[in-house]
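The structure under discussion appears below in the form of structure tokens.
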Amino acid sequence: MADAPVFRLYNSMTRQVDAVEPLEDGHLRFYACGPTVYTYAHIGNFRSFLTADLINRTAQALGWETTFVSNVTDVGHLTQDDLVDPEGADKMAAALEREGQRFANIYDLARYYTGALLDDWHALNLQNPDVRPRATEHIAHQIKAVERLMERGHAYETDQGVYFSVETFPEYGKLSGNEAAEQLQATERETVQDPDKKDPRDFALWKKDPDHLMQWHSPWGWGFPGWHIECSAMSMAYLGEAFDLHTGGEDLAFPHHECEVAQNECLTGATSVRYWVHTRFLQVEGEKMSKSSGNFFTVRDLIEPPEDGGRGVDPLALRYTLMAGQYRKPFNFTKKTLSDSARIIRRYQDAAEQVEEALQADEEGPDHAADTLPDCYDATLAAMCDDLNTPKALATALEGVKFIQGLGRDLNGATARTAQQWLVDTNDLLGIIWHQGDAEAAATGENADLATKVNALLDERAAARESGDYDRADAIRDELDAMGIEVMDAPDGTTWKRKAVL
RNA sequence: GGUGACGUGGCCGAGUGGUUAGGCAGAGGCCUGCAAAGCCUUGUACGGCGGUUCGAAUCCGCCCGUCACCUCCA
């Protein structure tokens with residue numbers, strides 16, 4: 001095997017592609033900002049989580065150990081509504097209000113959407129983080145962090161809350177480039193209106209609010225923590241004061257990560273995170289994804305079976321689509337790309353079946369893949385190491401599939417074993433061939449009634465074909481097509497599958 | 001106004017000084033009752049204007065356009 005490639009990623013802090021050198025040799029420790037669980041996560045959220053997953057897989061492919069922490073934000077933080085209505089609800093409280101009697105309380109709502117998040121996470125073949133901390137379970141850590149910031153003179157208390165004092169951290173702005181105080185002042189950006197704030201850039205560490213739906217007791221009375229402090233507290237709790245890498249969506253660079261940098265570095269007196277990786281927003285059909293444009297998709301909108309209101313898309317096809325563009329470039333998510341991806345996923349699965357059959361048959365012969373597939377894998381890994389160049393990695397991997405499919409009778413036992421190894425390695429790296437669990441069955445909704453109906457029609461069609469009544473056979477094909485069933489004849493029999501509704 | 005990206009053929013998307021991306025769609029062929037899949041062959045390109053260079057899609061400058069963040073947001 002060739003020398004291992006150097007893993008490089010674009011670092012928002014240095015604004016260049018840097019070689020990733022873990023603090024602890026051969027052990028990457030990183031944190032991925034997770035979502036607020038007040039509704040279903042959408043495909044844009046998952047593009048960001050996918051970036052973390054691919055970093056994890058690439059590091060593992062290089063033989064590194066990884067410690068991957070990704071949080072769940074289940075505290076309702078302030079929303080813009082507070083500007084209009086200072087007594088208004090936070091976004092979780094607003095969701096509870098919106099959903100009426102569906103949930104008994106805010107904690108049930110958070111639990112429900114956390115579960116939905118995990119279902120979608122698994123459906124998309126995202127590896128589980130080693131730790132998935134919840135903000136509500138780390139309030140003590142957050143309070144301690146705020147206390148420490150106060151002790152060190154980086155925070156102060158007012159009648160309404162506790163704030164981080166930005167002027168005590170001169171490097172504030174170094175991540176986002178938003179360094180000019182007057183610019184920040186120019187826009188009305190505080191979600192917390194507090195006349196006692198010393199500097200408009202100062203942000204809340206603790207909000208006093210004895211009426212909030214979620215509240216905890218603190219040295220400053222009843223209330224709830226500021227948004228940014230949870231990630232500082234939880235990342236340090238599981239990764240230590242200094243760790244390697246932190247990911248999130250591009251919108252998080254400012255203010256969330258900027259504030260995190262300030263908190264962390266004031267807490268520890270040193271650089272706490274070396275690499276910041278931000279995933280670009282995606283567009284859908286050329287437009288910003290929004291509910292009003294009708295181009296807003298959650299994962300379950302796409303992968304659930306049609307009878308449950310979904311579109312029956314193979315979750316791996318969705319994953320493949322999200323990988324079709326590099327994480328750092330604008331990406332236009334289209335139904336066309338989704339259906340293209342479904343075909344390619346199918347192709348991988350066909351190749352995997354061919355290999356499986358060849359392993360069973362185990363015919364004698366030389367290994368025809370030994371000179372090709374290992375190199376193909378190395379090239380795929382090299383592409384991933386090059387700032388997660390997924391388009392190139394996918395193109396390279398597809399060459400391997402074409403090679404396997406083109407083997408024909410050369411796919412003997414020895415060749416199949418090499419091919420199988422390539423499939424396993426490629427799947428470990430890209431996660432696009434096999435579902436890690438039973439997500440497929442859940443997603444495509446095995447439907448016994450439907451299967452009975454389809455099989456009856458197929459039996460009738462087989463009889464028609466047998467007797468040469470092709471008009472009848474084609475009529476049955478049309479009938480099945482109208483039911484959303486695609487029929488495929490092959491030398492060893494007829495198979496069918498449900499078509500995606502796009 | 002500030003900050004950061006991006007503009008490649010019908011579409012999606014690699015490539016960063018001279019040599020192939022790849023996929024989809026299109027065209028022709030093989031195979032198949034038909035269809036699908038697969039295989040073979042095949043065309044179309046680098047936003048605009050200058051500059052550097054023997055040579056630029058690739059480097060530099062300017063312009064045009066698109067997007068994102070600066071306000072909850074992946």
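To find a chain, count down the sequence lines: A is the first, B the second, and so on, and within it residues start at 1. Quick note: numbers below take in every heavy atom, side chains included, and nothing from hydrogens, waters or symmetry partners.
With centroids closer than 5.5 Å and planes inclined by less than 30 degrees as the test, A:F49 and the base of B:rA74 fail to qualify as a stacked pair.
The shortest distance between the side-chain N/O atoms of A:K288 and the OP1/OP2 oxygens of B:rC69 is below 4.0 Å. Phosphate contact (OP1/OP2 of B:rC72, side-chain N/O of A:Y38, threshold under 4.0 Å): absent. Between B:rC73 and A:W227, a contact under 4.0 Å exists linking OP1 or OP2 to a side-chain N or O. For A:R15, a side-chain nitrogen or oxygen approaches OP1 or OP2 of B:rG4 to under 4.0 Å.
Residue-to-nucleotide proximity on RNA chain B shows that, of A:G286 and A:T396, the 5′-proximal contact is made by A:T396.
For A:T337, the side chain to side chain donor-acceptor pair (under 3.5 Å) partners at least two apart in sequence or on another chain are A:T334. A search for salt bridge (Lys or Arg N to Asp or Glu O under 4.0 Å) contacts involving A:R346 returns nothing, not counting sequence neighbours. Contacts of A:E479 classified as side chain to side chain contact (heavy atoms under 4.5 Å, CB included), with partners at least two apart in sequence or in another chain: A:L457.
Distance from the side chain of A:R280 is smallest for B:rC67 among the nucleotides B:rA35, B:rC67, B:rA74. Nearest nucleotide to the A:R465 side chain, out of B:rG23, B:rC34, B:rA74: B:rC34. Out of B:rC73, B:rG15, B:rG22, the shortest distance to the side chain of A:N389 is found at B:rG15. Checking B:rA74, B:rG13, B:rA68 against every side-chain atom of A:E250, the shortest atom distance belongs to B:rA68.
Across the C1' atoms, B:rG43 and B:rG48 are found 26 Å apart, a figure rounded to whole Å. As rounded to the nearest Å, B:rC40 and B:rG23 have P atoms that lie 10 Å from one another. B:rU32 and B:rG15 have their P atoms separated by 42 Å, given to the nearest Å. Spacing of P atoms, B:rC67 relative to B:rC62, comes out at 22 Å, to the nearest Å.
Base engagement by A:H42 is indicated by at least one non-hydrogen atom pair under 4.0 Å involving a base atom. Among the atoms of the strands shown, none is found under 4.0 Å from any heavy atom of A:F46. Residue contacts shown for A:Y10 are limited to sugar-phosphate atoms, with no base heavy atom under 4.0 Å away. Heavy atoms of A:I344 sit under 4.0 angstrom from primed sugar atoms or phosphate atoms, though from no base atom. Across all strands shown, A:S176 has heavy atoms under 4.0 Å from sugar-phosphate atoms exclusively, and none from any base. Note on A:D489: a base of the nucleic acid sits closer than 4.0 angstrom, heavy atoms only.
Counting only residues at least two apart or on different chains, no salt bridge (Lys or Arg N to Asp or Glu O under 4.0 Å) pair has a member in residues 349-358 of chain A. Within the structure, side-chain hydrogen bond (donor to acceptor under 3.5 Å, both in side chains) pairs that include any residue of residues 399-409 of chain A comprise A:R347-A:Q405 (at least two apart or interchain). Sequence neighbours left out, not one pair with a member in residues 316-358 of chain A passes ring-ring contact (aromatic ring centres under 6.0 Å, His included). Sorted by first and then second residue, the salt bridge (Lys or Arg N to Asp or Glu O under 4.0 Å) pairs with a member in residues 321-339 of chain A read A:R328-A:D387, A:K336-A:D340; sequence neighbours excluded.
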Contacts under 3.5 Å, N or O only, protein and nucleotides 39-42 of chain B:
from, atom 1, to, atom 2, distance (Å)
B:rC39, OP1, A:R347, NH2, 2.9
B:rC39, OP2, A:R347, NH2, 3.4

Atom pairs under 3.5 Å: protein N/O with N/O of nucleotides 25-27 of chain B:
from, atom 1, to, atom 2, distance (Å)
B:rA25, OP1, A:R343, NH1, 2.5

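Taking atom CD1 on A:I345 and atom P on B:rC24, their separation rounds to 13 Å, with Å as the unit. Taking atom CG of A:L407 as the reference point, atom C1' of B:rG38 lies 13 Å away to the nearest angstrom. Note: OH (A:Y320) to P (B:rC24) measures 10 Å, nearest angstrom. Atom-to-atom, CZ of A:F281 to C1' of B:rA74 comes out at 6 Å; the value is rounded to the nearest Å.
Classification of A:D481 and A:K499 as a salt-bridged pair holds, one side-chain N sitting under 4.0 Å from a carboxylate O.
Between A:F243 and A:F30, a ring centre-to-centre spacing not shorter than 6.0 Å is recorded.
Remark: the A:Y112 side chain and the A:Y107 side chain contain no N/O donor-acceptor pair separated by less than 3.5 Å.
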Begin from the C-alpha positions of A:T279 and A:T247 and carry the test side chain to side chain contact (heavy atoms under 4.5 Å, CB included) through to its verdict.
-> CA-CA 8 Å; A:T279 301; A:T247 69; 5.9 Å; no
